[in-house]
J.: 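The structure follows.
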Amino acid sequence: MIPAQSPGVSPVTLVECPRDAMQGWSHFIPTADKIRYLNALLQVGFDTIDFGSFVSPKAIPQMADTKEVLEGLQLTGSRSKLLSIIANVRGAEEAVLHEEISYLGFPFSISPTFQLRNTNSTIEESLQRVEDIQELCIKHNKELVIYLSMGFGNPYGDEYDAEILLYWAEEMVKREIGIISLADTVGLATPQQVSFALETLIRSYPSALFGVHLHSTPANWERKLQAAINAGCTRFDGALKGIGGCPMAQDELVGNMDTTLMIPLLQEKALLHELNEKALQESLRIAAEIFV
Ligand SMILES: CC(C)(COP(=O)([O-])OP(=O)([O-])OC[C@H]1O[C@@H](n2cnc3c(N)ncnc32)[C@H](O)[C@@H]1OP(=O)([O-])[O-])[C@@H](O)C(=O)NCCC(=O)NCCSC(=O)C[C@@](C)(O)CC(=O)[O-]
């Protein structure tokens with residue numbers, strides 16, 4: 001076992017994102033393999049698993065089997081809650097029907113170009129989607145997580161500065177979104193940007209929980225994670241082996257922050273509860289089989 005902290009209780013929320021690892025993978029991962037991988041991850045002790053998405057199978061063919069995958073998951077005995085990504089009201093209407101899903105995650109990009117590429121909607125239309133999906137979530141007892149995608153800059157030349165990120169975060173707080181994750185979709189953030197945004201938002205809006213979804217490389221993950229921790233962030237996304245990224249953003253997947261690197265760092269700081277090391281090793285073994 002990984003060294004114990006306060007048993008079962010953690011100051012931080014660790015979100016494992018196999019959906020982000022799988023969604024842009026170059027060949028279709030068979031449904032049975034997805035189920036096997038997710039069932040292993042469910043035993044590790046992550047707080048949340050971002051397991052799939054209810055989006056267009058033309059846009060993201062890899063996730064076309066999310067409903068079947070869900071049917072194969074063994075949730076009994078797992079502490080992990082499930083999150084699924086949705087990108088329009090239709091996807092949300094489907095996701096809320098599943099009792100097993102606790103969180104719906106909506107990517108709201110502060111870069112208009114990416115929002116159009118990713119969700120076929122303008123910023124104004126997306127804001128309406130946020131409001132409609134929030135209403136659905138409240139009605140069905142789900143929690144909406146808003147990802148502020150391209151939160152630290154974008155590769156398209158769309159106007160960007162930190163004020164734009166802060167503005168959209170405030171708009172989400174006004175709409176009573178409880179969890180807002182600052183997403184560095186293509187890995188552009190500097191540690192200074194991460195610190196400034198989180199320190200400002202955490203101080204300004206105590207009613208919301210701010211997280212980070214920081215795509216990064218093995219060379220720059222640690223300083224960004226450290227910056228987020230120092231700023232008081234308590235919700236972190238990652239993916240085992242640092243695999244993945246958004247195929248709607250650019251052709252080359254930038255990689256996720258590698259959860260296997262994050263775990264020891266968070267535990268060293270007594271921020272993370274005990275995990276099941278055997279299940280973690282089994283998950284890594286299956287990942288090595290699947291992601292080839
Ligand atoms: C959002 C839509 C669906 C367009 O949404 P739309 O504009 O409302 O769609 P539409 O009504 O114009 O329909 C377009 C086509 O999609 C189909 N369709 C429409 N809705 C659905 C649905 N819910 N489920 C299944 N099919 C659907 C619909 O049937 C139609 O099919 P066609 O007639 O062309 O055959 C599309 O643009 C889409 O699926 N985009 C993919 C979004 C996505 O999954 N992106 C990756 C995940 S987000 C991410 O990775 C970022 C994140 C979270 O990690 C954080 C970060 O790093 O930034």
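All ligand and atom numbering here is 1-based and tracks the order in the structure. Since we're looking at a predicted model, the values are computed, not measured.
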J.: Gln23 side chain to Gly245 main-chain N or O, any donor-acceptor pair under 3.5 Å?
T.: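 Yes.
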J.: Under a 4.0 angstrom heavy-atom cut-off, which atoms of ligand 1 come close to Ala59?
T.: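 Within the 4.0 Å cut-off of Ala59, ligand 1 contributes 38 (C), 39 (O), 40 (N), 41 (C).
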J.: Could you check atom 1 (C) of ligand 1 against the protein and tell me its nearest heavy-atom contact, residue, atom and distance included?
T.: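 Protein heavy atom at minimum distance: Ala87 CB, 3.5 Å.
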J.: Determine whether Ile60 and Met63 make a side-chain contact, defined as any pair of heavy atoms from C-beta on separated by less than 4.5 Å.
T.: yes
J.: Any idea how Phe210 and Tyr205 line up, ring-wise: parallel (<30°), tilted (30 to 60°), or perpendicular (>60°)?
T.: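 Ring orientation of Phe210 relative to Tyr205: tilted.
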J.: Can you list the atoms of ligand 1 that are under 4.0 Å from a heavy atom of Pro107?
T.: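 By the 4.0 Å cutoff, the relevant atoms are 48 (S).
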J.: Distance below 4.0 Å between atom 6 (P) of ligand 1 and any protein heavy atom?
T.: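 Yes, there is one.
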J.: Counting heavy atoms only, which of Asp184, Asp50, Asn120, Asp20 is nearest atom 12 (O) of ligand 1?
T.: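 That would be Asn120.
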J.: Which atom pair, heavy atoms only, marks the closest approach of Ala239 to Thr259?
T.: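 For Ala239 versus Thr259, the nearest heavy atoms are N-OG1, 2.9 Å.
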J.: Would you check if the side chain of His27 reaches a backbone N or O of Val292 as a donor-acceptor pair within less than 3.5 Å?
T.: yes
J.: Give the residue, atom name and distance (to 0.1 Å) of the protein heavy atom nearest atom 18 (N) of ligand 1.
T.: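 For atom 18 (N) of ligand 1, the nearest protein heavy atom comes out as Arg90 NH1, 3.4 Å.
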J.: Using heavy-atom distances, let me know which of Met63, Glu125, Arg19 sits nearest atom 52 (C) of ligand 1.
T.: Arg19
J.: So which protein heavy atom does atom 45 (N) of ligand 1 come closest to, and at what separation?
T.: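 Looking at atom 45 (N) of ligand 1, the protein heavy atom closest to it is Asn118 OD1, 2.7 Å.
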J.: With atoms numbered from 1 as shown, which atoms in ligand 1 lie under 4.0 angstrom from a non-hydrogen atom of His215?
T.: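 Counting atoms of ligand 1 from 1, those under 4.0 Å from His215 are 57 (O).
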J.: Classify the ring geometry between Phe108 and Trp168 as parallel (under 30°), tilted (30 to 60°) or perpendicular (over 60°).
T.: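 Geometry flag for Trp168 against Phe108: tilted rings.
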J.: Show me which atoms of ligand 1 lie under 4.0 Å from any heavy atom of Phe54.
T.: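 The atoms of ligand 1 under 4.0 Å from a heavy atom of Phe54 are 23 (N).
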J.: Within 45 degrees of the ring normal and closer than 6.0 Å to the centroid, is that where the cationic atom of Lys34 sits relative to Phe28?
T.: yes
J.: Please list, in number order, the atoms of ligand 1 under 4.0 Å from a heavy atom of Cys246.
T.: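 Checking each atom against Cys246, I get 46 (C), 49 (C), 50 (O).
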J.: Assess whether a salt bridge exists between Arg36 and Asp33, defined as any Lys/Arg side-chain N lying under 4.0 Å from an Asp/Glu carboxylate O.
T.: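 Asp33 and Arg36: salt-bridged.
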J.: Quick check: does Thr185 get an N/O under 3.5 Å from an N/O on ligand 1?
T.: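 Min N/O separation from ligand 1 is below 3.5 Å for Thr185.
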J.: Could Arg285 and Glu282 be called an ion pair, given the rule that one side-chain N must be under 4.0 Å from one carboxylate O?
T.: yes
J.: Do Arg79 and Asp47 meet the salt-bridge criterion of a basic N to acidic O distance under 4.0 Å?
T.: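 Looking at Arg79 together with Asp47, the answer is yes, because their closest N to O distance falls below 4.0 Å.
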J.: Looking only at side-chain N and O atoms, does Thr113 offer a donor or acceptor that is under 3.5 Å from a partner on Ser111?
T.: no
J.: Using a 4.0 Å cut-off to any heavy atom of Ala183, which atoms of ligand 1 qualify?
T.: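 Selected atoms, number and element: 55 (C), 56 (C), 57 (O), 58 (O).
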J.: Verify the contact flag for atom 30 (C) of ligand 1, where contact means a protein heavy atom under 4.0 Å away.
T.: no
J.: Just need the protein heavy atom nearest to atom 4 (C) of ligand 1, so name the residue and atom and give the distance.
T.: Thr119 O, 3.8 Å
J.: For Lys58, take its heavy atoms, then give the atoms of ligand 1 lying under 4.0 Å from any of them.
T.: 32 (P), 34 (O), 35 (O)
J.: Nearest protein heavy-atom contact for atom 3 (C) of ligand 1: which residue, which atom, what distance?
T.: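 The closest one turns out to be Asn88 ND2, 3.5 Å.
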J.: If the contact criterion is a heavy-atom separation under 4.0 Å, does Arg129 count as touching ligand 1?
T.: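 Heavy atoms of Arg129 do come under 4.0 Å of ligand 1.
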J.: Quick one: which ligand 1 atoms are inside 4.0 Å of a heavy atom on Gly91?
T.: 23 (N)
J.: Treating Asp65 as the side-chain partner and Glu68 as the backbone partner, does any N or O pair qualify as donor plus acceptor under 3.5 Å?
T.: no
J.: Indicate yes or no: at least one non-hydrogen side-chain atom of His215 is less than 4.5 angstrom from one of Val186.
T.: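 No, side chains not in contact.
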J.: With the threshold set at 4.0 Å, does a side-chain nitrogen-carboxylate oxygen contact exist between Glu94 and Arg90?
T.: no
J.: Any protein heavy-atom neighbour for atom 20 (N) of ligand 1 (distance below 4.0 angstrom)?
T.: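 True for atom 20 (N) of ligand 1.
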J.: Counting only non-hydrogen atoms of the protein, does one fall under 4.0 Å from atom 43 (C) of ligand 1?
T.: yes
J.: What protein heavy atom sits nearest atom 39 (O) of ligand 1, and how far off is it?
T.: Ser56 N, 2.8 Å
J.: Who's closest to atom 51 (C) of ligand 1 heavy-atom-wise, of Ser126, Ser149, Ala95?
T.: Ser149
J.: With the threshold set at under 4.0 angstrom, would you say Ala249 reaches ligand 1 through any of its heavy atoms?
T.: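 False for this residue.
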J.: What protein heavy atom is closest to atom 25 (C) of ligand 1, reported as residue, atom name and distance in Å?
T.: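 For atom 25 (C) of ligand 1, the nearest protein heavy atom is Val55 O, 3.3 Å.
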J.: Can you find an N or O of Gln23 that's nearer than 3.5 Å to an N or O of ligand 1?
T.: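 By distance alone, the answer is yes.
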J.: Heavy-atom contacts under 4.0 Å between Ile60 and ligand 1: side chain, backbone, both, or neither?
T.: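 The answer is the side chain of Ile60.
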J.: For Ser121 and Ser126, test the side chains for any donor-to-acceptor distance below 3.5 angstrom and give the result as yes or no.
T.: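 A pair is found: one side chain offers a donor N or O, the other an acceptor, under 3.5 Å apart.
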J.: Quick check: does any side chain N or O of Ser216 sit under 3.5 Å from a backbone N or O of Leu214, one acting as donor and the other as acceptor?
T.: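 Yes, the answer is positive, given that a donor and an acceptor are paired below the 3.5 Å cut-off.
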